Enquirer: 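Let me give you the structure first, and then I'll get to my questions.
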2 protein chains.
Amino acid sequence: MARPLGVVGDRWTLLLVRDLLRGRSHFAELEESLEGIFPNVLSGRLKALEDSGVLNRLVTSGRPPGTEYQRTDKGQALAAVVGAIFDWGTEWEPKADE
Amino acid sequence: MARPLGVVGDRWTLLLVRDLLRGRSHFAELEESLEGIFPNVLSGRLKALEDSGVLNRLVTSGRPPGTEYQRTDKGQALAAVVGAIFDWGTEWEPKADE
DNA sequence: CAGTATCCGTATCGATACTG
DNA sequence: CAGTATCGATACGGATACTG
């Protein structure tokens, strides 16, 4: 309770948004990109972001078939903020870059 | 482990930095401002922020005596980022404003 | 490929009491 | 006023197994 910013602040979420920004759109891509995340956790994060309107999940029936996650306008705005956070991190937190 | 951005992301921390930004500098002020936080938790957050160089703690021997927390340059930079987060929140998260 | 189900361990928070 | 000490509760993440 009293979670200041809803979904933002959960572990992995910021990294996730940032990876989405970088063009990763498939479950497996994200899973690989976020080293150490487990599928159940990733699934939960994606769902939470979807529920809060940050991204859309769309199932493609193309070739190859699959699932894609794409940012909404809200997600786009968030990505900008996330960028600022990471910039701060890399500038001021020598160790905790990535 | 693998906590993306160190101290940023812990509960209360963002609100705390923002309140510091707004001029709150005393323990009791912050405790009152962050409704629902408990002194032990606040103490821990302040210590973590101090350790990571976001703020300085200085004990004043003036009249009245007391303790003050003031942001460092790093904290100043963080405050700007935090501002962006909250702006995003108020713009895109109707419910979860403050 | 893209997830869901389940269980467990612990980090973190909440709450109260107490102190220099 | 500005904290520290302590302890219990639980939410969350980690890990593994399994499925449409």
Side-chain angles (χ1 to χ4, degrees), chain A residues 1-20 23-52 54-71 96 98, chain B residues 1-20 23-52 54-71 96 98:
Chain A
M1 291 144 193
R3 235 198 359 224
L5 288 164
V7 98
V8 180
D10 287 342
R11 188 126 96 181
W12 300 110
T13 297
L14 259 20
L15 291 170
L16 186 51
V17 171
R18 179 242 237 157
D19 283 354
L20 252 353
R24 274 68 174 257
S25 56
H26 296 278
F27 193 93
E29 274 181 331
L30 295 165
E31 195 175 1
E32 187 183 13
S33 172
L34 300 174
E35 269 186 59
I37 198 172
F38 288 86
N40 54 346
V41 176
L42 176 56
S43 176
R45 289 295 175 280
L46 288 170
K47 208 160 291 177
L49 288 172
E50 198 187 346
D51 286 350
S52 79
V54 168
L55 54 83
N56 287 319
R57 175 177 184 273
L58 93 146
V59 181
T60 63
S61 311
R63 193 184 316 101
T67 313
E68 270 186 64
Y69 293 92
Q70 35 191 221
R71 276 175 294 116
E98 200 220 4
Chain B
M1 291 145 191
R3 240 205 346 231
L5 289 165
V7 96
V8 181
D10 288 343
R11 187 128 96 182
W12 299 111
T13 296
L14 259 20
L15 290 170
L16 186 51
V17 170
R18 180 242 237 155
D19 282 356
L20 252 354
R24 274 69 175 255
S25 56
H26 296 279
F27 193 93
E29 275 180 332
L30 294 165
E31 194 175 1
E32 188 184 14
S33 172
L34 301 174
E35 269 185 59
I37 198 171
F38 287 86
N40 55 348
V41 176
L42 177 55
S43 177
R45 289 295 174 282
L46 287 169
K47 208 159 292 175
L49 288 173
E50 198 186 346
D51 287 350
S52 79
V54 168
L55 55 83
N56 289 317
R57 175 177 185 273
L58 93 144
V59 180
T60 64
S61 311
R63 195 182 316 105
T67 313
E68 271 187 63
Y69 293 92
Q70 35 191 220
R71 275 175 293 117
E98 204 218 5

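This one's a predicted model, so the numbers in the text were calculated from it and none came from an experiment. To find a chain, count down the sequence lines: A is the first, B the second, and so on, and within it residues start at 1.
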Enquirer: Measure CZ/B/Arg11 against C1'/D/dT10 and give the value in whole Å, please.
Expert: 11 Å

Enquirer: With heavy-atom distances below 4.5 Å as the criterion, would you say the side chains of A/Leu16 and A/Leu46 are in contact?
Expert: yes

Enquirer: Run the salt bridge (Lys or Arg N to Asp or Glu O under 4.0 Å) test against A/Arg71 and tell me which residues pass, sequence neighbours left out.
Expert: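 A/Arg71 satisfies salt bridge (Lys or Arg N to Asp or Glu O under 4.0 Å) with no other residue.
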
Enquirer: Is any side-chain N or O of B/Thr67 closer than 4.0 Å to OP1 or OP2 of D/dG3?
Expert: yes

Enquirer: Among C/dT4, C/dA2, D/dG14, which nucleotide sits nearest the side chain of A/Val41?
Expert: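 Nearest to the side-chain atoms of A/Val41, counting from C-beta on, is D/dG14.
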
Enquirer: Just how far is it from atom CG of B/Asp19 to atom CG of B/Leu15, taken to the nearest 0.5 Å?
Expert: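 Rounded to the nearest 0.5 Å, the CG-CG separation comes out at 6.5 Å.
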
Enquirer: Out of C/dG3, D/dG3, D/dA2, which has the shortest distance to the side chain of B/Pro39?
Expert: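 For the B/Pro39 side chain, the nearest candidate turns out to be D/dG3.
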
Enquirer: Has the side chain of B/Arg45 got a donor or acceptor atom that lies under 3.5 Å from a matching backbone atom of B/Arg11?
Expert: yes

Enquirer: Restricting both atoms to N or O, compile the protein contacts to nucleotides 6-8 of chain D shorter than 3.5 Å, with distance only.
Expert:
| from | atom 1 | to | atom 2 | distance (Å) |
| --- | --- | --- | --- | --- |
| D/dT6 | O4 | B/Asn40 | ND2 | 3.3 |

Enquirer: Let's see if you can work this out: which of C/dC1, D/dG3, C/dG3 has an atom nearest to the side-chain heavy atoms of A/Tyr69?
Expert: C/dG3

Enquirer: Side chains of B/Leu30 and B/Leu20, heavy atoms from C-beta outward: is any pair under 4.5 Å?
Expert: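 When only atoms from C-beta onward are counted, B/Leu20 and B/Leu30 do touch, with a gap below 4.5 Å.
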
Enquirer: Going from OG on A/Ser25 to CG on A/Leu55, what distance comes out if it is rounded to the nearest 0.5 angstrom?
Expert: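 Between A/Ser25 OG and A/Leu55 CG, I get 11.0 Å after rounding to 0.5 Å.
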
Enquirer: How long is the line joining CZ of A/Phe38 and P of C/dA5, in whole Å?
Expert: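 Atom-to-atom, A/Phe38 to C/dA5, this comes out as 19 Å.
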
Enquirer: What is the separation between atom CG on A/Leu46 and atom P on C/dC1, rounded to the nearest whole Å?
Expert: 15 Å

Enquirer: Kindly indicate whether the side chain of A/Leu49, heavy atoms from C-beta on, has any atom under 4.5 Å from the side chain of A/Tyr69.
Expert: no

Enquirer: Nearest 0.5 Å, please: how far is OG in A/Ser43 from CD in A/Glu31?
Expert: 10.0 Å

Enquirer: Taking CG from A/Leu42 and P from C/dA2, how many angstroms apart are they, rounded to a whole number?
Expert: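 Distance check: A/Leu42 CG to C/dA2 P gives 10 Å.
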
Enquirer: C/dA2 C1' sits how many Å from A/Glu31 CD, rounded?
Expert: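 Interatomic distance, CD of A/Glu31 to C1' of C/dA2: 9 Å.
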
Enquirer: How is the base pairing of DNA chain C summarised as a dot-bracket string, given the Watson-Crick and G-U wobble criteria with both distances under 3.5 Å, [ ] for crossing and | for another strand?
Expert: ||||||||||||||||||||

Enquirer: Let me know the distance between CD of A/Glu29 and C1' of C/dC1, rounded to the nearest Å.
Expert: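 After rounding, the gap between these two atoms is 12 Å.
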
Enquirer: By nearest atom, which of the nucleotides C/dC1, C/dG3, D/dG14 is closest to the A/Ser43 side chain?
Expert: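 Of all the options, the side chain of A/Ser43 is nearest to C/dG3.
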
Enquirer: Nearest to the side chain of B/Lys47 - D/dA2, C/dT4, D/dT4?
Expert: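 Of D/dA2, C/dT4, D/dT4, D/dT4 is nearest to the side chain of B/Lys47.
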
Enquirer: Counting only heavy atoms not in B/Gln70, do more than 12 fall under 6.0 Å of its CD?
Expert: yes

Enquirer: Please report, rounded to the nearest Å, how far the P atom of C/dC1 is from the CZ atom of A/Phe27.
Expert: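 Distance, rounded to whole Å: 11 Å.
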
Enquirer: If only side-chain N and O atoms of B/His26 are considered, is one of them under 4.0 Å from the OP1 or OP2 phosphate oxygen of D/dA2?
Expert: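 B/His26 to D/dA2 OP1/OP2: side-chain N or O found under 4.0 Å.
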
Enquirer: Of the non-hydrogen atoms in B/Gly23 and B/Glu29, which two are nearest, and what is the gap between them?
Expert: O-OE1, 4.3 Å

Enquirer: Rounded to the Å, how far apart are B/Glu50 CD and D/dA2 P?
Expert: 15 Å

